[in-house]
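Nothing here was measured: the structure is a model prediction, and the numbers come from that model. Below, each value reflects all heavy atoms present in this structure, side chains not excepted, and no hydrogens, waters or symmetry copies.
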Amino acid sequence: MIDMGSEGSRVVVPRNFRLLEELERGEKGIGDGTVSYGMDDADDIFMQSWTGTIIGPSNTVHEGRIYQLKLFCGKEYPDTPPTVRFQTRINMTCVNQESGMVEPSLFPMLANWQREYTMEDILTQLKKDMMSPQNRKLAQPPEGNDEGRIDQKGLVLKCCII
């Protein structure tokens with residue numbers, strides 16, 4: 001699809017092409033390897049359900065911890081942001097402590113979503129936020145905490161830090 005604007009024309013990459021690009025980048029690995037992501041189910045033709053991993057940054061309470069996240073890209077992605085939920089329990093100012101959801105109103109990247117943003121950008125920004133003054137020293141739930149966490153559909157998920 002082509003969007004004709006006053007500055008000329010620009011090509012809008014279709015959703016599936018965009019997600020295939022993100023899948024390829026996620027599979028190659030990102031930067032220093034402390035952030036990664038991939039599809040949950042290779043047979044999901046809509047490419048909606050993804051898992052992300054963030055290794056906690058050094059010199060913070062998150063150091064050495066491995067955080068698992070679920071990202072859900074609805075049919076309007078990338079025009080609208082994915083939903084992002086920590087499966088691993090974490091104490092951060094932008095995360096709902098009951099559900100693990102990253103609250104868009106408390107996480108500017110989701111609140112001010114732009115089509116150019118990617119899942120990689122979200123994970124990288126969450127890692128940066130772990131290093132922020134308001135999050136770097138927050139007391140964290142004990143490691144190995146595998147209490148069930150209720151997902152959006154009401155199913156209980158097992159959560160643990162590996």
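- Between the side chain of E22 and the main chain of M119, a donor-acceptor pair closer than 3.5 Å is present.
- Other residues, nucleotides and ligands place more than 12 heavy atoms under 6.0 Å from the CD atom of Q134.
- Between the side chains of N59 and E63, not a single donor N or O lies within less than 3.5 Å of an accepting N or O.
- Using a 4.5 Å heavy-atom threshold, the side chains of W50 and F72 count as separate.
- The CG atom of L123 lies 6.0 Å from the CG atom of L69; values are rounded to the nearest 0.5 Å.
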Step-by-step side-chain contact (heavy atoms from CB on, under 4.5 Å) determination, L20 to M47: CA-CA 8 Å; L20 285 169; M47 303 177 79; 3.8 Å; yes
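- Between the side chain of N135 and the backbone N or O of D129, at least one donor-acceptor pair lies under 3.5 Å.
- Side-chain contact between K127 and Y67 is absent, with no heavy-atom pair separated by less than 4.5 Å.
- Taken from OG1 in T53 to CD in Q87, the straight-line distance is 9.5 Å, to the nearest 0.5 Å.
- Side-chain atoms of Y37 and E27 include no donor-acceptor pair closer than 3.5 Å.
- Residues E24 and K28 are paired through a salt bridge, judged by an N-O separation under 4.0 Å between the basic side chain and the carboxylate.
- Atom OG of S58 sits about 12.5 Å away from atom CE of M130, to the nearest 0.5 Å.
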For residues 100-113, run the donor-acceptor check on the side chains, cut-off 3.5 Å, and write out each pair with its distance to 0.1 Å, sequence neighbours left out.
from : atom 1 : to   : atom 2 : distance (Å)
E103 : OE2    : N96  : ND2    : 3.3
N112 : ND2    : P108 : O      : 3.3
W113 : NE1    : P78  : O      : 2.8

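- I122 places a side-chain heavy atom less than 4.5 Å from the side chain of V84.
- Under the 3.5 Å distance criterion, the side-chain polar atoms of R18 are left unmatched by any main-chain donor or acceptor of V12.
- Panel note: side chain D121, backbone T118; a donor-acceptor pair is recorded below 3.5 Å.
- V35 places none of its side-chain heavy atoms less than 4.5 Å from the side chain of E120.
- Between the side chain of N91 and the backbone N or O of L138, no donor-acceptor pair lies under 3.5 Å.
- Across all their heavy atoms, R85 and S99 have their closest contact at CD-O, 3.2 Å.
- Atom-to-atom distance recorded for L126:CG and M131:CE is 11.0 Å, nearest 0.5 angstrom.
- Atom OG1 of residue T51 and atom CG of residue L71 lie 8.0 Å apart, to the nearest 0.5 angstrom.
- Checking side-chain atoms of Q97 against main-chain N and O of I90 turns up a donor-acceptor pair under 3.5 Å.
- A distance-only check finds no donor-acceptor pair linking the side chain of R65 to the backbone of T88 [under 3.5 Å].
- Across all their heavy atoms, P141 and R89 have their closest contact at CG-CB, 3.8 Å.
- Side-chain contact between T60 and K137 is absent, with no heavy-atom pair separated by less than 4.5 Å.
- Between the CZ atom in R15 and the NZ atom in K75 there is a gap of 6.5 Å [rounded to 0.5 Å].
- No side-chain heavy atom of Q48 sits less than 4.5 Å from a side-chain heavy atom of Y77.
- Checked by atom type, the side-chain pair K70/S49 shows no donor-acceptor distance below 3.5 Å.
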